[in-house]
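What follows is one structure encoded as structure tokens, with my remarks underneath.
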Amino acid sequence: MGLSNLGIFHTIIGIIAIIAAIISFRKNGKIGLEQPSGKIYFYGTIVTSLTSLGLLKHGFNPGHIFALFIVALVAGAYFLHSKKQGNNKSRYFENFLLSFSFFLSWVPTINETFTRVPIGHPLAKAPTDPVIGITLLVFLLLFIVGSVYQFRHQQKINNAINS
């Protein structure tokens, strides 16, 4: 089944958001909302999540609730970033919320990609296919390792500021 115009737009913005997050991770060790790449991730994720609500392949479903949860995560991170500038402990939560939103964004991305690509012979037949589960497990492990790294990195920053 082909993509609608909304589906194409949604996919392009989603890919841009993921690339921006990866760039931000590489440059800063986190998705930094003060950086252009972090801002692109933030806005791209909002647009991607909200446009997913218009993609009703099977009516309103758990994927749509997932998208709204991702919006809540990035909105919470933005709030902490903009309102709690002097509160270094807030950075732990900001970093976690953005990283968790990034991880959760991979769940539908992997599911949709693996059940569509390659065209005609997709990698997975359904969302319950083991290849999807194994891939998500790898991403979960990467998320955990990345979160520990971010926590330690933020701890060093906070200690340097408080010294």
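Reckoned from all heavy atoms, side chains included, excluding hydrogens, waters and symmetry mates.
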Are Ile22 and Phe103 in one and the same hydrophobic cluster, where Ile, Leu, Val, Met, Phe, Trp and Tyr link if side-chain heavy atoms are under 4.5 Å apart?
yes
Is the distance between the ring centroids of Phe100 and Phe143 under 6.0 Å?
yes
Does the His64 side chain pair with the main chain of Leu55, one donor and one acceptor, at a distance under 3.5 Å?
yes
Are Ile19 and Ile13 joined in one hydrophobic group, where the rule is that I, L, V, M, F, W and Y side chains link up if heavy atoms are under 4.5 Å apart?
no
Taking Ala21's backbone N and O only, do any of them form a donor-acceptor pair with Ser37's side chain (distance below 3.5 Å, no angle check)?
no
Quiz question: by atom type and distance under 3.5 Å, do the side chains of Asn158 and Gln154 form a donor-acceptor pair?
yes
CG/Leu142 to CG/Leu136 distance, rounded to the nearest 0.5 angstrom?
11.5 Å
Distance from Thr135 atom OG1 to Leu140 atom CG, nearest 0.5 Å?
12.5 Å
Measuring from atom CG of Leu6 to atom CG of Leu53, what distance do you get when rounded to the nearest 0.5 angstrom?
9.5 Å
Test your reading of the model: is there a side-chain donor-acceptor pair from Ser49 to the backbone of Thr45, 3.5 Å cut-off?
yes
Measuring from His153:NE2 to Asn95:CG, what's the distance to the nearest 0.5 Å?
8.5 Å
When you measure from the side chain of Tyr43 to the backbone N and O of Gly38, does any donor-acceptor pair fall under 3.5 Å?
no
Phe66 side chain near Ile70 side chain, heavy-atom distance below 4.5 Å
yes
Do Phe69 and Phe79 land in one hydrophobic cluster if side-chain heavy atoms of ILVMFWY residues count as linked below 4.5 Å?
yes
Under 3.5 Å, side chain of Ser99 to main-chain N/O of Phe96, donor-acceptor pair present?
no
Do Leu123 and Pro118 touch side chain to side chain, with heavy atoms closer than 4.5 Å?
yes
Verdict with reasoning, Val145 to Leu141, per side-chain contact (heavy atoms from CB on, under 4.5 Å):
CA-CA 6 Å; Val145 168; Leu141 294 174; 5.6 Å; no
Taking Thr51's backbone N and O only, do any of them form a donor-acceptor pair with His10's side chain (distance below 3.5 Å, no angle check)?
no
Could you grab the distance from atom CD1 of Ile132 to atom CD of Glu112, nearest 0.5 Å is fine?
9.0 Å
Kindly indicate whether the side chain of Leu98, heavy atoms from C-beta on, has any atom under 4.5 Å from the side chain of His81.
no
Would you compute the distance between atom CG of Leu73 and atom OG of Ser105 and round it to the nearest 0.5 angstrom?
9.0 Å
Would a 4.5 Å heavy-atom cut-off, applied to side chains only, mark Asp129 and Phe114 as touching?
no
Strictly distance-based, threshold 3.5 Å: is any side-chain N or O of Arg91 a donor or acceptor partner for the main-chain N or O of Leu80?
yes
Membership question, hydrophobic clusters at under 4.5 Å side-chain separation (ILVMFWY): are Phe93 and Tyr149 in the same one?
no
Minimum side-chain heavy-atom gap Leu97-Val74 below 4.5 Å
no
Answer yes if the ring centres of Phe102 and Phe25 are under 6.0 angstrom apart, and no otherwise.
yes
